[in-house]
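Inspection log for the structure reproduced underneath, given as structure tokens.
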Amino acid sequence: MNSASEEAVPASFEPFGDAVRDEMEALTGDHPQDLHTEKLRLGIEEMAPGMVALRRMGDIQALTRSHDVRQFGTDMGMFEGEEGERVGLSGRHVAIPLELDGAEHTKWRKILDPVFTPRKVAVLEPRVRARANELIDVFVDRGEVDAYVEWCEPLPSSIFLSIMGIPQSQLEPFLAFKNAILGGAYDGSTTPEARMAAFETCDTWFAAEFDRRDESVDYGEDLIGWLMTPEIDGRRIDRDELHGICNLLMIAGLDTVAASLSCILARLARHPDERAALLADPAKWPAGIEEMMRFESPVTQGFRHVVADVELPSGTLKSGTNAIVWWAAANVDPEAFEDPLTVDLERSPNPHICFASGWHRCLGSHLARMELRAALDVWHARIPDYRIAEGAELTYSVNPRAPHHLPLVW
């Protein structure tokens with residue numbers, strides 16, 4: 001990865017790249033919280049004509065809970081495809097339910113939410129623990145590992161494939177799809193052509209899988225099977241909708257938990273006192289994970305589009321305004337948290353918005369929490385004492401925030 005000063009403006013910032021170019025060093029460094037704290041004073045920040053940034057918890061909560069706000073607007077949050085085409089998180093398909101609003105969004109959340117309830121995901125915990133141990137078996141005796149590459153990234157991806165009913169032999173191809181699609185968000189290396197080729201390859205794989213299940217009439221007891229069998233409004237989910245759901249779940253399932261694991265391990269490697277406190281009292285892990293998620297905020301920001309004037313505590317957003325909402329900044333807002341720049345592993349309550357807020361709150365938050373808790377428990381049972389390799393400097397991607405190389409030694 002390039003150094004912070006040389007790194008290209010991330011793809012997710014393309015609509016206002018010049019406005020954040022000078023902030024890249026802070027956003028990719030160890031302490032972006034300092035930048036977020038400084039920016040909180042601005043309230044509604046004008047980024048460009050018709051474009052603002054929001055950071056205060058009160059403003060973001062008011063915006064994301066408004067009925068006059070949409071998930072995306074114009075090109076906000078979109079990728080560049082071939083010949084300047086703008087495409088979403090599912091390529092040329094609508095990313096369901098993320099890119100829907102209003103009644104359509106509500107309809108699809110009612111269909112998908114039951115798949116990700118705490119009770120539903122709890123049955124997957126033994127699988128998470130087993131896979132976490134299998135991966136650790138490979139490197140534990142070496143005394144060193146690039147934890148992101150060999151553990152943080154493949155672990156949640158393996159679990160995701162299992163939930164979807166996709167063979168584990170497809171792990172590397174699906175990671176390649178994900179990295180090609182999101183790669184520009186890290187270092188600007190992915191061309192629009194490569195990104196669209198990845199979307200098309202992914203579409204081809206899913207289309208063949210849908211065909212196979214239709215022909216066999218054995219849809220399977222997994223997420224793809226559950227999506228292919230029910231009727232909605234008197235019809236089955238069509239192929240375009242299936243692609244939109246599966247592509248989005250692939251990107252979400254293969255990236256954000258990996259980033260969260262990487263951020264947490266990096267923090268605990270640098271703060272052995274916090275690690276010791278958690279190991280001395282394992283009952284602290286759930287609250288501790290929530291607090292480290294608040295402070296690190298691996299999913300840093302999102303986008304919203306205003307379709308009618310919206311009143312916020314800091315002022316009015318006019319209809320047609322595009323907004324970047326900084327979850328990471330709101331999570332260190334002193335109006336929402338006492339002493340927000342201090343990591344308090346027993347913080348309660350902890351109303352962070354790491355999983356977003358409002359109508360488009362993260363569909364898989366219960367699954368993510370279970371994976372983090374189970375995986376970190378397994379790691380620390382096997383490797384309780386570790387540190388970052390001498391001389392290593394971590395560089396973080398912007399969104400999701402993560403060190404994509406995390407050399408640890410023990």
Side-chain angles (χ1 to χ4, degrees), residues 4-29 31-66 68-80 84 86-89 98-99 101 182 184-188 297-333 335-336 353-354 356-358 360 396-401:
S5 60
E6 298 171 335
E7 182 168 310
V9 173
S12 58
F13 289 91
E14 284 171 358
F16 45 93
D18 290 341
V20 298
R21 191 176 301 275
D22 293 339
E23 299 170 3
M24 283 297 295
E25 185 172 352
L27 293 172
T28 58
H31 303 290
Q33 299 85 4
D34 295 338
L35 174 66
H36 295 316
T37 299
E38 176 185 341
K39 290 283 191 174
L40 278 165
R41 296 184 289 102
L42 300 177
I44 300 173
E45 182 185 8
E46 296 286 340
M47 303 287 290
M51 189 179 301
V52 302
L54 300 179
R55 295 178 176 85
R56 294 177 179 172
M57 181 70 81
D59 291 336
I60 290 175
Q61 294 281 24
L63 182 76
T64 57
R65 293 172 180 174
S66 171
D68 295 320
V69 172
R70 301 293 179 262
Q71 173 72 7
F72 295 110
T74 60
D75 290 343
M76 289 289 287
M78 307 292 277
F79 291 120
E80 181 181 355
R86 305 302 291 184
V87 297
L89 286 173
L98 186 63
E99 293 174 358
D101 295 287
L182 295 179
Y186 305 142
D187 58 16
S297 291
V299 179
T300 58
Q301 41 88 331
F303 303 98
R304 295 295 186 269
H305 177 68
V306 179
V307 296
D309 291 1
V310 175
E311 294 294 330
L312 307 179
S314 296
T316 302
L317 293 190
K318 295 295 185 180
S319 177
T321 300
N322 287 320
I324 175 173
V325 291
W326 281 96
W327 317 118
N331 283 333
V332 292
D333 185 349
E335 294 297 317
I353 52 174
C354 287
S357 66
H360 290 88
Y396 289 74
S397 52
V398 177
N399 189 37
R401 171 175 164 78

Donor on one side chain, acceptor on other, Arg56 and Ser314, under 3.5 Å: yes

Lys39 and Glu45 ion-paired at < 4.0 Å: yes

Nearest-0.5 Å distance that lies between atom CD in Gln301 and atom CZ in Arg55: 10.5 Å

Pair Asp309 + Lys318, salt bridge at N-O below 4.0 Å: yes

Backbone of Thr300 reached by a side-chain donor or acceptor of Ser297 within 3.5 Å: no

Residues in side chain to side chain contact (heavy atoms under 4.5 Å, CB included) contact with Ala62, at least two apart in sequence or another chain: Leu312, Pro313

Ile353 backbone acceptor or donor facing Ser357 side chain under 3.5 Å: no

Smallest separation among heavy atoms of Gly29 and Tyr396, with atom names: O-CD1, 3.6 Å

Taking every non-hydrogen atom, the tightest pair across His305 and Gly320: CE1-O, 3.6 Å

Flag side-chain contact, heavy atom, 4.5 Å: Met57 against Asn331: yes

Pairwise side-chain contact, Leu40 with Trp326, heavy-atom cut-off 4.5 Å (strictly under): no

Reported CZ-to-CG distance for the pair Arg304 and Asp68, which is rounded to 0.5 angstrom: 14.0 Å

Side-chain heavy atoms of Gln71 within contact of Phe303, under 4.5 Å: no

Validation row: Val69, Val307 side chains within 4.5 angstrom (heavy atoms): no

Asp101 vs His360 side-chain heavy atoms within contact, under 4.5 Å: yes

Worked verdict on Val306 versus Leu63 for side-chain contact (heavy atoms from CB on, under 4.5 Å): CA-CA 9 Å; Val306 179; Leu63 182 76; 4.0 Å; yes

Qualifying residue, where the test is side-chain contact (heavy atoms from CB on, under 4.5 Å) with Pro32 and the options are Glu23, Glu25, Arg401: Arg401

Side-chain touch Leu54/Leu317, heavy atoms, less than 4.5 angstrom: yes

Check against side-chain contact (heavy atoms from CB on, under 4.5 Å), Asn399 and Val299: CA-CA 6 Å; Asn399 189 37; Val299 179; 3.9 Å; yes

